[in-house]
Chemist: 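Before I ask anything, here is the structure I am working with.
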Number of protein chains: 2
Amino acid sequence: MTTPGSRIEEALGRLLLRSTRARLYDRLIEGVEGVDVTTYPVLSGVARLGPVSASKLGTEIGLDRTATTKYASRLAETGLLRRMPDPHDARATLLALTEAGEAAVELIRRNLVREFDRTLRNWTNEAAERFAGELERFADELREDD
Amino acid sequence: MTTPGSRIEEALGRLLLRSTRARLYDRLIEGVEGVDVTTYPVLSGVARLGPVSASKLGTEIGLDRTATTKYASRLAETGLLRRMPDPHDARATLLALTEAGEAAVELIRRNLVREFDRTLRNWTNEAAERFAGELERFADELREDD
DNA sequence: TATTGTTATACTCTATAACTATA
DNA sequence: TATAGTTATAGAGTATAACAATA
């Protein structure tokens, strides 16, 4: 029997495939030095959370702090992130966007939005809005069930 | 401006996080011996497509045929897949589910139903069905835009 | 003692290269 | 010549272990 669950599994499975993710992100990073499918979550996380330690950021984006540090260093080398001492904790280092980092985040985000809007070009606006709302709700509730 | 694309970007970004994927798959394959986050797409693909060559399966699930072969061998070692000669092409080998493979897919499917029932427990059946259809369409069209 | 960032290390995923057999 | 499956190999992602500094 074909249930909503099995249909969602199949479709979501394809979306979650490494190749789909890689292809999606590959299209967005043209002209943005130093950002790829692995460093994007770090860059995007700093953009969302503001100056943040590697430990906390790692927890938020589901990466180990050692991997977070590694990708943050890569982003720092290309000038998109900078490190600041944490005034409240001398052990910690805060990761923050540089101006170039802010610009990169803006560009990538615009590209992503454009990509999805293009995918939805044959949908009615009503259907697209509804789907967006349902996907938001689904993502929320899936992560709530920890 | 908040377009459907921007809302999808945010929601899908959360779904694509490695931690979300790992957590989801870990729950799906609970209690299924020999299946993990990498072999699951292979097993699931054979279940969906029926007896299929590694080349065609790889194309379908977005994996290189060498990786597909490797994971298929792993599934064969644990008795979930078997290889059959292709009667129409002596170069090809068809991958098919064994009885244990069918049982594993059935168990995963039951886990899926449980998982998504829990996520969708507050949705009407109509909304769940509609969302499943829209997600299928979205996944199709996102991959078409190559 | 616990936690921070970092580096070193090991393991896994996955693609490319190369080989053999068949269309 | 092109395509099938397979194995060997190499590059990259990511976790664990270990270290020094600070809470």
Side-chain angles (χ1 to χ4, degrees), chain A residues 13 16-26 29 34-46 49 51-78 81-96, chain B residues 16-23 25-26 29 34-46 49 51-78 81-96:
Chain A
L16 298 187
L17 280 175
R18 211 200 62 83
S19 58
T20 304
R21 284 179 289 126
R23 193 180 307 126
L24 178 61
Y25 282 109
D26 279 351
I29 60 172
V35 181
D36 59 23
V37 64
T38 58
T39 51
Y40 177 68
V42 175
L43 190 70
S44 163
V46 174
L49 300 170
V52 64
S53 70
S55 287
K56 183 177 181 193
L57 176 60
T59 301
E60 283 291 322
I61 65 179
L63 263 187
D64 186 79
R65 71 193 160 123
T66 67
T68 305
T69 287
K70 188 173 177 177
Y71 302 145
S73 295
R74 206 174 294 173
L75 288 165
E77 279 167 20
T78 53
L81 280 190
R82 65 197 164 89
R83 289 183 157 93
M84 313 184 298
D86 185 338
H88 301 300
D89 187 340
R91 294 173 305 180
T93 298
L94 296 179
L95 303 170
Chain B
L16 296 186
L17 280 175
R18 216 197 64 82
S19 57
T20 305
R21 283 180 288 126
R23 193 159 48 223
Y25 280 117
D26 282 349
I29 63 186
V35 182
D36 61 24
V37 65
T38 58
T39 53
Y40 174 67
V42 175
L43 188 71
S44 164
V46 174
L49 300 170
V52 62
S53 70
S55 287
K56 184 177 181 193
L57 177 60
T59 302
E60 284 290 324
I61 64 178
L63 262 188
D64 186 79
R65 70 192 161 122
T66 67
T68 305
T69 286
K70 187 172 178 179
Y71 301 145
S73 296
R74 206 173 295 172
L75 287 165
E77 279 167 20
T78 53
L81 280 190
R82 65 197 165 89
R83 290 185 157 92
M84 311 184 302
D86 184 337
H88 301 299
D89 188 339
R91 294 173 303 180
T93 298
L94 297 180
L95 302 170

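All heavy atoms count here, side chains included; hydrogens, waters and symmetry mates do not. Labels below follow one simple rule: chain letters A, B, ... track the order of the sequence lines, proteins then strands, and each chain is numbered from 1.
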Chemist: Rounded to the nearest angstrom, tell me the gap between atom CG in Asp86(B) and atom P in dT6(D).
Modeler: 13 Å

Chemist: One character per nucleotide, please: for nucleotides 14-23 of chain D, 5' to 3', B when the base has a protein heavy atom closer than 4.0 Å, S when only the sugar-phosphate does, - otherwise.
Modeler: BBBBB---BS

Chemist: Going by distance alone, is a donor N or O of one side chain under 3.5 Å from an acceptor N or O of the other, for Ser73(B) and Arg83(B)?
Modeler: yes

Chemist: Any side-chain heavy-atom pair from Leu95(A) and Arg82(A) closer than 4.5 angstrom?
Modeler: no

Chemist: Do Thr38(B) and Arg74(B) come within less than 4.5 Å of each other through their side chains, counting heavy atoms only?
Modeler: yes

Chemist: Using a cut-off of 4.0 Å on non-hydrogen atoms, how would the nucleic acid contact of Ser73(B) be classed: base, sugar-phosphate, or nothing?
Modeler: nothing

Chemist: Answer yes or no: is there a side-chain heavy-atom contact under 4.5 Å between Tyr71(B) and Leu43(B)?
Modeler: no

Chemist: Could I get the full list of side-chain contact (heavy atoms from CB on, under 4.5 Å) partners for Thr66(B), not counting sequence neighbours?
Modeler: Asp64(B)

Chemist: Determine whether Asp26(B) and Val37(B) make a side-chain contact, defined as any pair of heavy atoms from C-beta on separated by less than 4.5 Å.
Modeler: no

Chemist: Taking only side-chain nitrogens and oxygens of Ser55(A), does any of them come within less than 4.0 Å of OP1 or OP2 of dG5(C)?
Modeler: yes

Chemist: Respond yes when some side-chain nitrogen or oxygen of Arg83(B) is under 4.0 Å from OP1 or OP2 of dG5(D), and no when none is.
Modeler: no

Chemist: Using whole Å, what does the distance between atom P of nucleotide dA12(D) and atom CG of Asp36(A) come to?
Modeler: 10 Å

